[in-house]
Peer 1: 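Please find one structure pasted underneath; my questions will follow.
Throughout, protein chains are lettered first and strands after them, A, B, ... in sequence-line order, and every chain is numbered starting at 1.
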There are 2 protein chains.
Amino acid sequence: MKRQTVQRTAIEQVMRHSGGPMSIEDILIYGRKIVPSLNQATVYRNLKFLIDAGRIRQIIHPMLGALYEETEKGHHHHFHCHQCNRVFELPGCVLKQDSVVPKGFIVESHDIFLYGLCPCCAQEV
Amino acid sequence: MKRQTVQRTAIEQVMRHSGGPMSIEDILIYGRKIVPSLNQATVYRNLKFLIDAGRIRQIIHPMLGALYEETEKGHHHHFHCHQCNRVFELPGCVLKQDSVVPKGFIVESHDIFLYGLCPCCAQEV
DNA sequence: GTCGTTGCAAAGCCTTTGCAGGGAA
DNA sequence: TTCCCTGCAAAGGCTTTGCAACGAC
């Protein structure tokens, strides 16, 4: 994997300008606005390449399946609004990892997924 | 869904005596020790039935896929040891839900997944 | 005897892979 | 020209569904 094709450039561009974590489908839809012939297999292959390169990260969201986001955003958590179905990135992390496990466990990392209503949808109710 | 078949009884029994969240494969393996003819489709159908009945809960674990556990265990989190590949249930929950979201968000529930080494495997290192 | 339930196989998703043609360097 | 990369189609996992036979009540 060394050649900069229009497909790879398009996928990188889509990831860079995304407002939050994206599904394969999202990436495909936006990518095809740049390269109409863009194929699903190509997206999967390039995402794998970008993951191996440490540029993006895959999240397995319990409600939404596989999502992808840039690693440069750092550690944060995800809020899923069950009304508008959007995923929000929450800045910071308040979890003191070691305080949640009994003695003896060594915590190396964690994922937190939150569910509820976003400010927009909360107002409407 | 009203009839108590040997298959359903077996699956309930397996769930009740499990040491932690179980995968479909686990349930199938242990269930077949009770009813050898037990079919995958039957397991899926009965798990769905038990979920609808509120007796068990499905967890989509980011590393391990779909797992099932009894709801009566209450809210807790899961620790995955990447050495022995077991999942541990951690008692209690220290997350103050509202402290992790910006103003306006309404948090209704959350999942926390922890990764690292269990006491057993931590000792060996 | 009813009709809910099962086993089997087929079909559906999502993701990966094989292959031949195409394009970046 | 080389050989990495793409599109397409087939194949792999996991889960769901259609259907005829079975069995709980």
Side-chain angles (χ1 to χ4, degrees), chain A residues 1-15 18 21-69 78 80 85 87 113, chain B residues 1-15 18 21-69 78 80 85 87 113:
Chain A
M1 288 271 202
K2 302 166 197 162
R3 292 178 186 168
Q4 198 61 28
T5 62
V6 289
Q7 289 87 346
R8 181 164 303 163
T9 304
I11 293 166
E12 288 170 352
Q13 196 176 325
V14 168
M15 292 305 298
S18 73
M22 305 189 82
S23 67
I24 287 284
E25 202 188 340
D26 292 336
I27 298 168
L28 200 55
I29 288 171
Y30 289 106
R32 281 184 174 157
K33 291 184 179 172
I34 304 170
V35 182
S37 70
L38 187 60
N39 188 276
Q40 268 198 350
T42 302
V43 174
Y44 277 108
R45 279 187 283 233
N46 276 287
L47 288 176
K48 186 174 235 178
F49 165 70
L50 291 167
I51 290 169
D52 290 344
R55 309 252 297 278
I56 66 169
R57 161 174 52 224
Q58 185 189 51
I59 305 151
I60 307 296
H61 190 285
M63 305 294 177
L64 305 169
L67 300 177
Y68 301 84
E69 67 182 8
H78 298 94
H80 176 226
N85 213 38
V87 176
F113 299 98
Chain B
M1 290 271 200
K2 302 166 195 161
R3 292 179 185 166
Q4 198 61 26
T5 62
V6 288
Q7 290 85 347
R8 181 165 302 164
T9 305
I11 292 167
E12 289 171 351
Q13 196 176 326
V14 168
M15 292 305 299
S18 72
M22 304 190 83
S23 67
I24 287 283
E25 203 190 339
D26 293 335
I27 298 167
L28 200 54
I29 289 171
Y30 289 106
R32 281 185 174 156
K33 291 182 179 174
I34 304 170
V35 182
S37 69
L38 187 61
N39 188 276
Q40 267 199 351
T42 302
V43 174
Y44 277 109
R45 280 187 284 232
N46 275 286
L47 288 176
K48 184 173 236 176
F49 165 70
L50 290 169
I51 290 169
D52 291 344
R55 307 252 298 278
I56 65 169
R57 160 173 54 222
Q58 186 189 53
I59 305 150
I60 306 296
H61 190 285
M63 305 294 176
L64 305 170
L67 300 177
Y68 302 84
E69 66 182 9
H78 297 93
H80 177 224
N85 213 38
V87 175
F113 299 98

Peer 1: Will you find, in the side chains of B/S18 and B/E69, an N or O donor that is under 3.5 Å from an N or O acceptor?
Peer 2: no

Peer 1: Are B/R45 and C/dT5 close enough that a side-chain N or O sits under 4.0 Å from OP1 or OP2?
Peer 2: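 Looking at the OP1 and OP2 atoms of C/dT5, neither is under 4.0 Å from any side-chain N or O of B/R45.
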
Peer 1: When you get a sec, tell me which of D/dT6, C/dT6, C/dT15 is the closest nucleotide to the side chain of B/N46?
Peer 2: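 When the side chain of B/N46 is considered, C/dT6 is the closest of D/dT6, C/dT6, C/dT15.
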
Peer 1: Examine D/dT6: is either OP1 or OP2 under 4.0 Å from a nitrogen or oxygen in the side chain of A/T5? Give yes or no.
Peer 2: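 Yes, because at least one side-chain N or O of A/T5 sits under 4.0 Å from OP1 or OP2 of D/dT6.
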
Peer 1: For B/Q4, which contact category applies under a 4.0 Å heavy-atom criterion: base, sugar-phosphate, or nothing?
Peer 2: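 Answer is sugar-phosphate: B/Q4 comes under 4.0 Å of backbone atoms only.
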
Peer 1: Using the closest heavy atom to pick a nucleotide of DNA chain D for each, name whichever of A/S37 or B/I24 lands nearer the 5' end.
Peer 2: A/S37

Peer 1: If you pin B/Y68 and A/N39 to their nearest nucleotides in DNA chain D, which one's is more 5'?
Peer 2: A/N39

Peer 1: Grab the NZ-P distance between B/K2 and C/dT5 for me, whole Å please.
Peer 2: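 Distance, rounded to whole Å: 8 Å.
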
Peer 1: Once rounded to the nearest 0.5 Å, what's the spacing between atom CZ of B/F49 and atom CZ of B/R8?
Peer 2: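 Output value for this atom pair is 4.5 Å.
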
Peer 1: Once side-chain contact (heavy atoms from CB on, under 4.5 Å) is applied, do any residues pair with B/I51, and if so which ones, sequence neighbours excluded?
Peer 2: B/I56, B/Q58, B/Y68

Peer 1: Taking the side chain as every heavy atom from C-beta outward, state whether B/L28 and B/N39 have any pair of such atoms under 4.5 Å apart.
Peer 2: no

Peer 1: Would you tell me if any nitrogen or oxygen in the side chain of A/R3 comes within less than 4.0 Å of OP1 or OP2 on D/dC3?
Peer 2: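 No, outside the criterion.
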
